[in-house]
S.K.: 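Submitted below is the structure of interest, expressed as structure tokens.
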Number of protein chains: 2
Amino acid sequence: MGKLQKSIDKRNALVKATIELVNNNGFHATPMSKIAKMAKVSPATIYLYFENKQDLVNKTYIEVKAKYTKYAFSNYDETMPVEVGFKLIWNRIADFKLKECENAMFLAQCDNTPMIDEVSRQEGIKHLQPLLDLWERGRQDGIIKPLSDYLLYAYAINPLSFLMMIQKRGVFKLDKVHLEEAYQSAWSSIKVCQ
Amino acid sequence: MGKLQKSIDKRNALVKATIELVNNNGFHATPMSKIAKMAKVSPATIYLYFENKQDLVNKTYIEVKAKYTKYAFSNYDETMPVEVGFKLIWNRIADFKLKECENAMFLAQCDNTPMIDEVSRQEGIKHLQPLLDLWERGRQDGIIKPLSDYLLYAYAINPLSFLMMIQKRGVFKLDKVHLEEAYQSAWSSIKVCQ
DNA sequence: TATAAAAAAATGAATGTTCATTCTTTTTTT
DNA sequence: AAAAAAAGAATGAACATTCATTTTTTTATA
């Protein structure tokens with residue numbers, strides 16, 4: 001195995017350990033020493049890859065966010081009709097939140113916490129543009145309500161975070177039927193009523 | 001001022017300081033010493049009122065959650081028609097999230113973080129019953145979609161947390177018009193389409 | 001190709017700080 | 001005068017980060 005690959009593996013192991021430990025204990029209760037142990041690395045080695053703990057968590061956030069948006073748009077292209085495109089993206093996001101639960105949990109925690117730098121937060125938002133473009137198209141065609149992107153996100157996408165969270169907490173199990181119902185609610189909340 | 005009142009004041013000051021500091025720095029970065037300083041009390045005094053830091057934050061959570069639900073239902077009574085009752089409660093919750101921003105932020109952070117004991121979390125949920133009863137009535141009358149309470153909460157209420165969060169972050173200002181739009185989206189997402 | 005010197009990467013232990021909690025003393029209330 | 005409440009300082013543990021060594025990898029030479 002090449003030196004470069006080994007470096008990449010080590011870095012990935014650190015990021016993965018960070019996600020898992022922060023999910024279970026929160027940022028404040030995950031010492032660098034535990035992250036190191038879980039990644040099978042010396043604590044000192046972390047500092048060869050990241051400046052410090054804050055940098056580690058910022059970079060982890062940005063990477064997970066990038067993975068999220070890449071996943072969300074993987075089978076979308078902008079020539080699709082608005083409703084088709086939205087359904088596609090919505091389902092991919094739902095998939096991500098339910099299948100890539102660790103990653104999604106981590107994002108939820110970062111997004112509701114002063115754990116992350118404002119700069120990294122901004123960096124993370126960038127890649128959502130295709131969805132915003134789709135909405136703009138929908139508004140112009142009179143298919144989607146003329147609401148701010150924030151409102152549309154709040155009603156069409158954000159509820160999935162809540163559902164993922166309670167599902168993870170074990171109090172509720174989201175099955176195929178629920179998912180279809182959730183989609184209908186999401187779409188109802190932003191579509192123009194005929 | 002009586003001894004009891006003085007005790008209450010001191011305890012309230014501690015709870016208030018906890019909320020403010022945790023909002024700004026997160027649980028991990030708010031030392032007991034800072035909480036004590038902000039509440040104008042010796043660090044040792046905190047331990048006369050709370051067992052330890054975890055207990056302080058658990059109790060704070062439960063109190064804020066109780067305040068939230070009390071606020072939400074203050075002008076609701078269960079003889080109201082479903083749609084009227086829902087609008088009333090929704091608006092009170094919106095008010096709380098926007099006017100009692102510190103409290104709402106604190107709850108959002110607690111709800112997306114392993115900061116709080118599972119026991120305290122359960123304790124906090126209890127008081128939401130009137131809303132669940134209203135929804136049950138709405139489902140039976142064919143006014144509200146036959147969805148699980150979790151789904152209804154995810155679409156009708158939870159988006160307000162997201163909107164509060166981004167508003168607090170300064171990236172978006174929620175005005176009267178937005179609020180009415182938000183209500184329409186919330187209601188659209190859970191009402192049965194005629 | 002084999003070997004050794006140099007460079008890079010990785011390590012475990014050490015350092016200094018921060019912090020939750022407790023202890024002893026002082027102040028306030030009864 | 002006794003009891004209760006509060007205080008500030010002390011304690012000891014946990015932790016992020018750095019330091020001095022060791023191990024691994026690369027490069028240069030024969």
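Numbered from 1 within each chain, the chains take letters A, B, ... in sequence-line order. Keep in mind that this is a model prediction, so the values were computed, not measured.
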S.K.: Using a heavy-atom cut-off of under 4.0 Å over every strand shown, decide if B:Phe50 touches base, sugar-phosphate, or nothing.
M.R.: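 Nothing, no heavy atom under 4.0 Å.
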S.K.: Donor-acceptor pairs are to be reported for all side-chain atoms of residues 150-163 of chain B against protein atoms at under 3.5 Å, with residues two or more places apart or in another chain.
M.R.:
residue, atom, partner, partner atom, Å
B:Tyr153, OH, B:Tyr68, OH, 3.2
B:Tyr155, OH, A:Ala182, O, 3.1
B:Ser161, OG, B:Lys97, NZ, 2.8

S.K.: In whole angstrom, give the distance that lies between atom NZ of A:Lys34 and atom P of D:dC15.
M.R.: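 Distance, rounded to whole Å: 7 Å.
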S.K.: Which other residues end up in the same hydrophobic cluster as A:Met164, if Ile, Leu, Val, Met, Phe, Trp and Tyr are linked when side-chain heavy atoms come under 4.5 Å apart?
M.R.: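 ILVMFWY cluster around A:Met164 also holds A:Met105, A:Met165.
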S.K.: Would you kindly give the CD1-to-C1' distance between B:Ile46 and C:dA20, to the nearest whole Å?
M.R.: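 It is 10 Å, rounded to the nearest whole Å.
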S.K.: Please report, rounded to the nearest Å, how far the C1' atom of D:dA16 is from the CE atom of A:Met32.
M.R.: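 It is 7 Å, rounded to the nearest whole Å.
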S.K.: Please list, pair by pair, any protein nitrogen or oxygen found under 3.5 Å from a nitrogen or oxygen in nucleotides 7-10 of chain D.
M.R.:
residue, atom, partner, partner atom, Å
D:dA7, OP2, B:Ser42, N, 3.0
D:dA7, OP2, B:Thr45, OG1, 2.5
D:dG8, N7, B:Ser42, OG, 3.0

S.K.: Looking at DNA chain C, which of residues 12-31 of chain A put a heavy atom within less than 4.0 Å of it?
M.R.: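 Nucleic-acid contacts, sorted: none.
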S.K.: Taking ILVMFWY side chains as joined if any heavy atoms are under 4.5 angstrom apart, and letting links pass through other members, which residues group with B:Val84?
M.R.: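 Members alongside B:Val84: none; it stands by itself.
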S.K.: List for me each residue that meets side chain to side chain donor-acceptor pair (under 3.5 Å) alongside B:Asp141, sequence neighbours excluded, and say none if there are none.
M.R.: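 If we apply the side chain to side chain donor-acceptor pair (under 3.5 Å) test to B:Asp141, skipping adjacent residues, there are no hits.
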S.K.: List, by chain and number, the other hydrophobic cluster members for A:Ile125, where Ile, Leu, Val, Met, Phe, Trp and Tyr join if side-chain heavy atoms come within less than 4.5 Å, directly or indirectly.
M.R.: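 None, because no other hydrophobic side chain comes under 4.5 Å of this residue.
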S.K.: Separation of A:Lys53 atom NZ from D:dT17 atom C1', in whole Å?
M.R.: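 Taking NZ of A:Lys53 and C1' of D:dT17, I get 12 Å after rounding.
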S.K.: Output all residues satisfying side chain to side chain donor-acceptor pair (under 3.5 Å) with B:Asp117, sequence neighbours left out; order by chain, then residue number.
M.R.: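 Here the qualifying residues are B:Asn58.
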S.K.: B:Tyr47 OH to C:dC23 C1': how many Å, rounded?
M.R.: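 For the pair B:Tyr47 OH and C:dC23 C1', the rounded distance is 14 Å.
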S.K.: Could you give the CG-to-C1' distance, from A:Asn52 to D:dA16, as a whole number of Å?
M.R.: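 It works out to 9 Å between those atoms.
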S.K.: Separation of A:Lys37 atom NZ from C:dT11 atom P, in whole Å?
M.R.: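 Taking NZ of A:Lys37 and P of C:dT11, I get 14 Å after rounding.
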S.K.: Let me confirm one number: the SG-NZ distance from A:Cys101 to A:Lys99, rounded to the nearest 0.5 Å.
M.R.: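 Output value for this atom pair is 12.5 Å.
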S.K.: Could you tell me the Watson-Crick or G-U partner of C:dT30, where both distances fall under 3.5 Å? Say none if there is no partner.
M.R.: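 WC or wobble partner is D:dA1.
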S.K.: Tell me whether B:Asp111 is salt-bridged to B:Lys65, with the criterion being a basic N under 4.0 Å from an acidic carboxylate O.
M.R.: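 A salt bridge is present here (some side-chain N lies under 4.0 Å from a carboxylate O).
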S.K.: State which residues pass ring pair (Phe, Tyr, Trp, His ring centres under 6.0 Å) with B:Tyr71; sequence neighbours excluded, sorted by chain then number.
M.R.: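 For B:Tyr71, the residues satisfying ring pair (Phe, Tyr, Trp, His ring centres under 6.0 Å) (neighbours in sequence not counted) are B:Phe96.
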S.K.: Can you pull out every side-chain hydrogen bond (donor to acceptor under 3.5 Å, both in side chains) where at least one residue sits in residues 19-37 of chain A? Sequence neighbours excluded, please.
M.R.: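 Sorted pair list: A:Asn23-A:Glu102.
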S.K.: Measure from CD1 on B:Ile35 to P on C:dT21 and round the result to the nearest Å.
M.R.: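 About 10 Å, once rounded to whole Å.
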S.K.: In chain order, what residues pass the ring pair (Phe, Tyr, Trp, His ring centres under 6.0 Å) check against A:His127, with sequence neighbours excluded?
M.R.: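 In terms of ring pair (Phe, Tyr, Trp, His ring centres under 6.0 Å), with neighbours along the sequence ignored, A:His127 is linked to no residue.
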S.K.: For nucleotides 28-30 of chain C, print each protein N/O atom paired with a nucleotide N/O atom at under 3.5 Å, atom names and distance only.
M.R.:
residue, atom, partner, partner atom, Å
C:dT29, OP1, B:Lys6, NZ, 3.1

